[in-house]
Amino acid sequence: MSDTTQTDPVQTVSDQPEPAAKTVDGLYLVDGSGFIFRAFHAIPPLTRSDGTPVNAVMGFTNMLMKLLADHHAEAVAVIFDSKRLNFRNEFYADYKAHRPEPPEELKPQFGIIREAVEAFCVPSIELEGYEADDLIATYARLAREQGRQVTIVSSDKDLMQLVTDGVAMLDPMKNKVIGFEEVFEKFGVTPDKVVDVQALAGDPVDNVPGVPGIGIKTAAQLIGEYGDLETLLERAGEIKQPKRRQALIDNAELARVSKRLVQLDDQAPVPTPLDDLKVREPDHEKLLNFLRQQGFRSIITRVENEIRADGRLVDGAAAPSGSTPTSASATALPTSAPEVRASARFDGKGTYELVQTVEALDRWIAAAHAAGTVAVDTETDSLHACSCKMVGISLAVEQGAACYIPVGHVGPDGVPAEGSLDLAPSDAPPQLPVEEVVARLKPLLEDPAILKVGHNLKFDIQVFGGHGIRLAPIDDTMLISYVLETGLHGHGMDELSKLHCDYTPITYDQVTGTGKSRVTFDRVALDKATEYAAEDADVTLRLYQALKPRLVPERLTTLYETIERPLVPIIADMEAEGILVDCDVLKELSKDLASRLAELEIEIHRVAGHTFNVGSPKQLGDVLFGEMGLQGGKKGKTGAYSTDSATLEPLAEQGHDIVQKVLDWRQFSKLKSTYTDSLQQQIDAKTGRVHTSFSLAITTTGRLSSNDPNLQNIPIRTEEGRKIRRAFIAKPGHTLLSVDYSQIELRLVAEMAGIEALKHAFREGIDIHAMTASQVFGVPLDQMTGDIRRKAKAINFGIIYGISGFGLGRQLGISAGEANSFIKTYLERFSELAAFMDKTKEFCRKNGYVTTLFGRRCHIQGIAERNPARRQFAERQAINAPIQGTAADIIKRAMVRIPSALEAAGLTGRMLLQVHDELIFEVPEAEAAETSEVVRRVMEGAASLGVPLVAEAGTGHSWADAH
DNA sequence: GCAATCACG
DNA sequence: GACGTACGTGATTGCC
C-alpha cells in the first residue's frame with residue numbers, strides 16, 4: 001500500500017476533483033450564442049497559423065469539453081441564434097437595434113464554432129425567426145413535461161425567467177449553479193416574476209424600453225408589492241411618489257410591449273425532436289482532427305491523456321510527434337501541425353502583452369480559466385525567495401499567448417511605484433497595485449480545477465506564499481525533466497528550451513546586465529521585462545506540453561506524482577521556516593580561529609624562513625617540496641605540486657611539524673571562511689534564521705542538494721568543526737530533534753542484491769561491520785579488534801561506491817593487491833553481490849540508465865566507453881546510483897508524509913533540514929518525545945523491505961547536542 | 001572561469 | 001590488458 005498513500009488533485013484530466021457545482025444528470029441546453037461573445041471577450045487574441053482568429057473558438061471548445069467531462073449528461077444540445085430577424089421585430093422594429101455588428105475578428109469564428117460542436121458529436125440547433133433563448137425555453141418545457149431535469153448552460157440574465165423546480169442554470173466558466181437564490185439576488189423577485197421586473201426596468205443592451213426612471217431595484221420593489229405587472233399597471237394611480245406614478249401611467253403600453261419582448265416563447269416549433277438529443281459516443285479521431293486544424297495543442301494533449309487514461313488508445317498511436325518516447329528529445333514541437341500563436345510569433349520580440357489595467361488582468365484570468373492550465377512565473381528583485389520583493393508575474397495560457405503583470409517596478413532612480421506608502425514624487429512606470437493583482441489572482445492560483453505549471457515552482461510558491469496565496473495544484477517542468485532525464489543534462493529552463501524547443505530564450509543577464517552595471521529586476525524597463533518574463537511563462541508552457549505526455553509511457557508518473565511533486569510545497573515550507581543560528585557563538589568561534597590561525601601562520605613562516613601565502617597551494621607546494629625538499633610529486637596539467645591532505649598527512653606522521661601545522665591551518669581556515677564567518681552573513685535580518693535553498697533537480701541520483709548556504713556539509717567529523725553545530729539552536733521553549741537512518745545504504749545493498757547473510761544480520765540487529773569482518777577475515781566476533789572492524793567498514797563503504805582494489809587500498813593505506821584479495825574474499829562470502837553488480841552493469845550498458853527501487857531512472861554517461869578508465873568510472877556510478885538513489889527516494893517518501901503525520905497527531909513541530917539520511921526538526925520541548933516517535937515511525941515505514949529500516953533520534957538545544 | 005581543496009552523506 | 005581510480009554534492013580561495 002505504501003505506494004499509493006499520496007494522492008494529488010491533478011493527475012490526469014479525468015482524475016480532476018469533482019467540480020464544485022455538480023448538477024444532476026439530465027438535459028443540458030447550452031446557450032451557444034451567448035458563449036461565443038463571452039469567450040471572444042474573455043480570451044486574448046489568438047490566431048491560427050493561417051491567420052484566422054480563433055480565440056472564441058478556443059474558449060468555446062474548452063467550455064464544451066469541461067462541461068462534457070464534469071457532468072454526466074444524458075442529453076446535450078448547443079443552441080444558436082439564427083442570423084435573421086425574429087418575431088419580436090414584427091411588433092417592435094427597434095428590438096436589439098443598437099446591437100453593433102460583431103467584430104471583424106469574431107465573424108469567421110461563428111462557422112468554426114459550429115464545426116467544434118459537430119466535432120464533439122453534440123447536436124447544434126438553430127431556427128430561423130427564433131432566438132436561441134426561445135428554443136431553450138421550448139426544450140426546457142418539453143423536457144419538464146417528461147419529468148426530466150434540465151440545466152441551461154448560460155449566465156444570460158434573460159434566461160433566468162426559466163429557472164423553476166427541475167430547471168437550473170449553470171455558468172460553466174465560473175462553474176456556478178444559478179438557482180432560485182441567485183435569481184432572487186439578481187432581480188429581487190422569484191424567477192416567475194423576472195419578466196415583469198425586466199419589462200419595467202427595460203434593457204438598454206437589447207433596446208428593451210421599459211418604463212423610464214425605473215430600474216431593477218424599483219421594479220422589484222413594485223412587483224413585490226403589487227404581485228405582477230398587470231395589477232401594478234391597473235393600480236398605478238395608488239403609487240405615492242408622483243414622478244413614478246406618472247411614469248407608469250404614461251408608459252403602461254411601453255411596459256406591456258417590453259414584457260412581450262423579454263418573455264421567451266416556449267412554444268417554438270423545435271427543428272429537432274427532444275428525443276434525438278441523446279449524448280453520443282465521441283469520435284476521437286474527428287475531434288482530434290478538428291483540434292489539430294485549429295492548432296489547439298494544450299487541448300489536444302488533454303484529450304489524448306484522457307483517451308489514454310480510458311485505455312482506448314494504444315500508447316503512442318495517436319500521440320503527437322513530440323510525445324512519443326523515441327522522438328521526444330529530437331522534436332518536441334511538431335512542425336507539421338499548425339500552431340496557435342497569439343498575435344505574437346514565438347520569436348517575434350515585443351509582442352507579449354503588458355498588463356497594466358484591471359480589465360486586461362481579468363481577461364487573462366478568464367483565459368486561464370478557459371484553458372484550465374496556466375503557466376506561471378514570478379519575477380523578483382533577488383534569488384532569495386524568503387526575503388525578496390515581488391516585481392511581476394507572468395502568465396501563459398497557450399503557446400505564444402502570454403502576458404506580464406508588473407507590480408513592483410520602480411523608476412530608473414529607484415523611486416517606488418505609486419500606491420506605495422512613500423509619498424515622494426514618483427517616476428515609477430504605471431502598474432497595478434500589488435495588492436489588487438494578488439487579490440484578483442488568488443482565486444485562480446488556488447483553484448483546485450486549474451493546473452498551475454511552472455519551472456522550479458518551489459521558488460514561486462514561496463513568493464506567492466509571502467502574499468497569502470497557496471499555489472495549487474501544480475506541475476513543475478523542471479521536475480518532470482528531472483525524472484525523465486536525470487543525468488543526461490541540466491534542467492534549467494534555458495537549457496531545456498534549447499533542447500526541446502530548439503529555441504534560445506532571452507537570458508536574465510541580457511535583461512539586467514552583468515557585473516557592475518547589473519540592475520535588479522525592479523529597475524528593468526517594462527517593455528524589456530515583458531519580453532523576458534512573458535517569454536519564460538510561454539517557454540514553460542511549451543516545455544510542459546513537450547514533457548508531460550512522456551511521463552505515462554515512460555512509466556515515471558508514480559515517481560513524479562508521489563515523490564517529486566508533493567515534495568515541492570514541503571521543501572518550500574522548510575526553507576521558509578529556516579533554522580535559528582546564534583550569531584554570538586559564531587563570532588566567538590571566528591575570533592578563536594583567527595588567533596590560532598595567526599599563531600600557526602607565524603610558526604609556519606618561521607620554519608619556512610620567509611613569509612608566503614599558506615592558502616596558496618602553489619606557494620605552499622614550492623615551499624614544502626621545492627625549498628624544503630620534502631618527498632612529493634608534481635601532478636596534473638598545471639605542473640604544480642599536489643598539497644592536499646592525502647599527500648600531506650603521511651608527511652605529518654613522519655614527524656614534520658610544519659606539515660601538521662599547515663594541515664591545522666588549512667582546517668581552521670576552512671572552518672572560519674566557509675562556516676563561522678560567512679554563516680554570520682547568511683542570517684536573515686528579519687527572521688534571525690538561516691534559510692538554505694534545497695535544489696530538487698541537481699544530483700544524478702535523486703538526492704537533494706543544499707546551497708546558499710550549504711547546510712548539508714556543516715562539520716561534524718572533527719572536534720573543532722563540530723563546535724560549529726553549537727551555533728544551530730532551537731528557539732525558546734523548543735528543542736532540536738535529529739532523526740537519522742542507520743546504515744540505510746548498506747541495508748539497501750543487502751536488500752537489492754539479495755544478500756541473505758547481510759539481510760539476516762540486519763534483521764538480528766548484529767553489528768554489521770563486525771559481522772563482515774568476521775566473515776571476510778575469519779575472526780570470531782568475540783575476538784574482534786577495532787582495526788579489523790575498521791577495515792571491514794571501509795570495504796562495506798567501498799561496496800556502496802562500486803569498489804575497486806586501488807581505491808580501497810588507498811583508503812586503508814594498503815597495496816591495491818592486498819585490497820583486491822579482501823574484495824575477492826568478500827565477494828565469495830556474499831556471493832549474491834557479484835551477480836548484482838554484474839547484472840546492474842549489464843542493464844546499464846543495454847539501457848543507458850539504472851533504476852532505483854521506486855522506479856527512478858539515473859542515466860549514466862560513458863557506460864559503453866572504449867576508454868577503460870572512463871567506462872569503469874561509469875560502472876562505479878552505475879553500481880552506486882541505485883543504492884544512493886533508493887535511499888534518496890525513501891527519505892523523500894518519509895518527508896512527504898511527515899508534515900501530515902505530525903498534524904494528524906496534533907504535533908506542531910516543524911521539519912527544517914534534510915541531510916541525506918537525517919532530518920532535523922524544531923519542536924516544542926513538551927512535544928519532543930512524541931514527535932520523535934512519530935517521525936521515527938514514518939521514516940522506518942517509508943519503504944517495506946526484506947531488511948528493517950532503523951531510524952535513530954536525538955534531541956538537544958543545539959544541533960551538536962541533538963546528534 | 002577554472003583548479004585545488006575540503007566540508008558533508 | 002588497457003586506464004586512472006572509490007559514489008554524490010557546494011563553498012572558498014588563488015590565479016590566469
request  = Find the distance A/Asp644:CG to B/dT5:C1' and express it as a whole number of Å.
outcome  = 7 Å
request  = Please work out if A/Arg666 contacts a base, only the sugar-phosphate, or nothing of the nucleic acid, heavy-atom cut-off 4.0 Å.
outcome  = sugar-phosphate
request  = Counting Watson-Crick and G-U wobble pairs only, both distances under 3.5 Å, name the nucleotide matched with C/dA2, or none.
outcome  = none
query = Is there a side-chain contact (heavy atoms from CB on, under 4.5 Å) between A/Tyr849 and A/Thr486 once you walk through the steps?
reply = CA-CA 9 Å; A/Tyr849 62 84; A/Thr486 313; over 6 Å; no
ask   = Say you pick atom P in C/dC3 and the same atom in B/dC8; how far apart are they, in whole Å?
value = 36 Å
key: Start and end of chain A contact along DNA chain C [non-hydrogen atoms, under 4.0 Å]   = C/dA2 to C/dC15
ask   = Do A/Phe830 and A/Tyr826 have ring centroids that are under 6.0 Å from one another?
value = yes
request  = Sticking with atom P, work out how far B/dA4 lies from C/dT5, rounded to a whole angstrom.
outcome  = 11 Å
inquiry  = Whether the side chain of A/Arg725 engages the backbone of A/Pro715 through a donor-acceptor N/O pair (distance < 3.5 Å, no angle test) should be reported.
reply    = yes
request  = Just say parallel, tilted or perpendicular for the rings of A/Tyr641 and A/Phe625, cut-offs at 30° and 60°.
outcome  = tilted
ask   = Do you know which of A/Leu671, A/Asp664, A/Leu589 makes side-chain contact (heavy atoms from CB on, under 4.5 Å) with A/Glu720?
value = A/Leu671
ask   = With sugar-phosphate meaning primed atoms plus P, OP1 and OP2, does A/Leu711 contact a base, only sugar-phosphate, or nothing at under 4.0 Å between heavy atoms?
value = nothing
query = So does A/Ser645 get a side-chain nitrogen or oxygen closer than 4.0 Å to the phosphate oxygens (OP1/OP2) of B/dC6?
reply = yes
